[in-house]
Number of protein chains: 2
Amino acid sequence: MINTRQKQAIETKKKLLKAAEAVFFEQGFQQTTIRHIISRAQTGYGTAYVYFKNKDDFLIELMKEVMEQFYEVASLPFTPSTKKEAQDLIVNQVRLFLSLAMERKEFMRIIKEAIGNSPVIEANWQNIRDRFISSITQDILYAQSKSLANPQLIPSLVARSWFYTNEMFMWELINGDSAESMEEIIQHMTVIYTNGLYSSH
Amino acid sequence: MINTRQKQAIETKKKLLKAAEAVFFEQGFQQTTIRHIISRAQTGYGTAYVYFKNKDDFLIELMKEVMEQFYEVASLPFTPSTKKEAQDLIVNQVRLFLSLAMERKEFMRIIKEAIGNSPVIEANWQNIRDRFISSITQDILYAQSKSLANPQLIPSLVARSWFYTNEMFMWELINGDSAESMEEIIQHMTVIYTNGLYSSH
DNA sequence: TCATTTAATTGACACTATGTCATTGACATA
DNA sequence: TATGTCAATGACATAGTGTCAATTAAATGA
């Protein structure tokens, strides 16, 4: 059912996407121009605009897969019956979140750069944030209902606090300017989150 | 000792700075062009480049005053002898940090936008981060030496965790998308930081 | 006072990038 | 074979940047 023409079109779009990814990695997002991309893809200038609205659009398409993976991590189940169990589940989710980002280090760097540059990509990232935060909010509500967590705290506020810390350490790790290992970071974040800096020790 | 010419020059630079600030507020950082600025300042196009290297340079100059104020908040003394006292000092510092940002709401929004756009401005902001983080690191070391804080935690890691939360809530408040009041946010952040989510209650 | 030097100001220019659109030509269709 | 369709194209209009030679007006000094 797919004729030569359609194959050709799909092929061209793929070529452009691959070229865009390569150029993004080599030059960064800001430095990349449409001309760089079409030159690498060996297509005419106008061809880029047949398949993509603009530079952002290339990255949005490339982001889709990673976005899906983040959404999966965000929606992991959380039904602990003890504090110990809760801590284990939390550590596990953080590890998945950070590992996923680290597996796509270069790509995440491009996304970081683009967030500050393109409102559409910022909105995409905000979507990921919102999914994690609402999922964590549910988790805290559950923990409160089981008398595991401090019932006086506002779940959505605590969820944001927790996610923001995770996100910032993620960017730190992506940039490679953390002196500590990922595991050390995970352990510390979790201890503070669950027990606090001034807890009994 | 200042002659007419020098006065003229200072006046022109001031005019440009005021114009830049106004245009940044009206159009945002990205949308603003040099032509917008010189048009508002009623100077020739080339004049902008006599006093400023480029658009970033305008904002860098405008940032200086706020940067100083952040540096002051970062270097507040911290020598508590009880946990209660520690908590009070922490709450106080956070309140000053968030208040300062909120007093300059529109300006902070511009800075946020520019951080993602200009590596130089990002570096400036990273400087503020670093000052806060190293100051908080010292505070934690002090608290550990007085047996107030968990001695097993790595101070610089905890400091980053704490500052990142503060920073992210600051941007939230700046954007006006927090449902909660600043005081609620401060209280929650501090409780989690010092006692943890799962602490005795 | 007037000629000369010095310095602030200027806009035209060269350059780079974007997004559009009329044109082209190869494939599909009858 | 003739005709229609659509992917591909690059020239063009537009918009922004940063530079620099020319201009203008103040400072200097004989």
Side-chain angles (χ1 to χ4, degrees), chain A residues 1-24 26-62 110 113-114 116-121, chain B residues 1-20 22-24 26-62 110 113-114 116-122:
Chain A
M1 268 297 126
I2 295 169
N3 61 31
T4 313
R5 246 185 210 174
Q6 290 169 302
K7 263 185 214 161
Q8 183 72 16
I10 290 167
E11 213 42 55
T12 305
K13 190 172 180 182
K14 254 191 215 161
K15 259 201 307 186
L16 281 164
L17 269 178
K18 282 200 93 173
E21 191 176 35
V23 181
F24 284 153
E26 279 171 25
Q27 318 246 353
F29 185 74
Q30 299 212 55
Q31 289 305 312
T32 297
T33 69
I34 299 290
R35 227 169 273 281
H36 286 144
I37 296 173
I38 59 107
S39 152
R40 158 86 63 147
Q42 307 254 53
T43 74
Y45 186 78
T47 313
Y49 288 94
V50 173
Y51 297 101
F52 301 94
K53 244 179 57 216
N54 49 38
K55 197 172 68 169
D56 298 3
D57 214 27
F58 278 94
L59 189 54
I60 290 166
E61 186 88 20
L62 288 169
I110 300 299
E113 203 189 339
N117 249 265
S118 147
V120 194
I121 288 164
Chain B
M1 267 301 126
I2 295 167
N3 61 32
T4 312
R5 248 187 207 173
Q6 290 169 303
K7 263 184 213 161
Q8 183 72 15
I10 289 168
E11 213 44 53
T12 304
K13 190 172 179 183
K14 253 191 215 161
K15 258 201 307 187
L16 282 164
L17 269 178
K18 283 201 92 173
V23 181
F24 284 153
E26 278 170 25
Q27 318 247 354
F29 185 75
Q30 299 212 57
Q31 290 304 313
T32 297
T33 68
I34 299 291
R35 227 169 274 282
H36 287 144
I37 297 173
I38 59 107
S39 151
R40 158 87 63 145
Q42 308 252 54
T43 72
Y45 186 78
T47 313
Y49 288 94
V50 173
Y51 298 101
F52 301 95
K53 244 178 58 217
N54 49 37
K55 198 171 68 170
D56 299 3
D57 214 27
F58 278 94
L59 189 54
I60 289 165
E61 186 89 20
L62 288 168
I110 299 300
E113 203 189 341
N117 249 265
S118 147
V120 195
I121 287 163
E122 188 177 19

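Letters A, B, ... mirror the listed sequences (proteins, then strands); counts begin at 1.
Residue order along DNA chain C, read from the 5' end via each residue's closest nucleotide, puts B/G46 first among B/G46 and A/Q31.
Atom CD in A/Q30 sits roughly 13 Å away from atom P in C/dA17 (whole-Å rounding). Atom P of nucleotide D/dG18 and atom CD1 of B/I38 are separated by 14 Å, given to the nearest angstrom. Taking atom NZ of residue B/K53 and atom P of nucleotide D/dT17, one finds them 15 Å apart after rounding to whole Å. Per the geometry, CD belonging to A/Q8 stands 15 Å off C1' belonging to D/dT5, to the nearest Å. Atom CD of A/Q42 and atom P of D/dT9 are 10 Å apart (whole Å). Atom CZ of B/R35 and atom P of D/dG18 are 12 Å apart (whole Å). The separation between B/K13 atom NZ and C/dT10 atom C1' is 19 Å, rounded to whole Å. Note: NZ (B/K55) to P (D/dT17) measures 7 Å, nearest angstrom.
Using a distance-only test at 3.5 Å, with no hydrogens or angles considered, no donor-acceptor pair links the side chain of B/K13 to the main chain of B/Q8.
For A/Y45, counting side-chain heavy atoms from C-beta on, the closest listed nucleotide (D/dT17, C/dT10, C/dG19) is C/dG19.
In this structure, the separation between CD1 on B/I121 and CG on B/D57 is 9.0 Å, given to the nearest 0.5 Å. Rounded to the nearest 0.5 Å, atoms CD (A/Q27) and CD1 (A/I37) are 10.0 Å apart. In this structure, CG in B/L16 is found 11.5 Å from OH in B/Y49, a value given to the nearest 0.5 Å.
For B/T33, no side-chain nitrogen or oxygen approaches OP1 or OP2 of D/dA15 to under 4.0 Å. The side chain of A/Y49 contributes an N or O atom lying less than 4.0 Å from OP1 or OP2 of C/dG19. In terms of phosphate contacts, A/T12 brings a side-chain nitrogen or oxygen within less than 4.0 Å of OP1 or OP2 of D/dA8.
For the pair A/E113 and A/F24, the minimum side-chain heavy-atom distance is 4.5 Å or more.
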>> I need a per-nucleotide contact map over nucleotides 23-30 of chain C, read 5' to 3'. Cutoff is protein heavy atoms under 4.0 Å; write B for the base, S for backbone only, - otherwise.
In response: ---BBS--
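Here A/F52 lies out of heavy-atom contact (under 4.0 Å) with every strand.
Checking B/T33 against B/H36 by side-chain atom types alone, a donor-acceptor pair falls below 3.5 Å.
For D/dC6, the paired nucleotide is C/dG25, the pair qualifying as Watson-Crick or G-U wobble because both relevant distances are below 3.5 Å.
The two residues B/G28 and B/I110 make their nearest non-hydrogen contact at CA-CD1, 4.0 Å.
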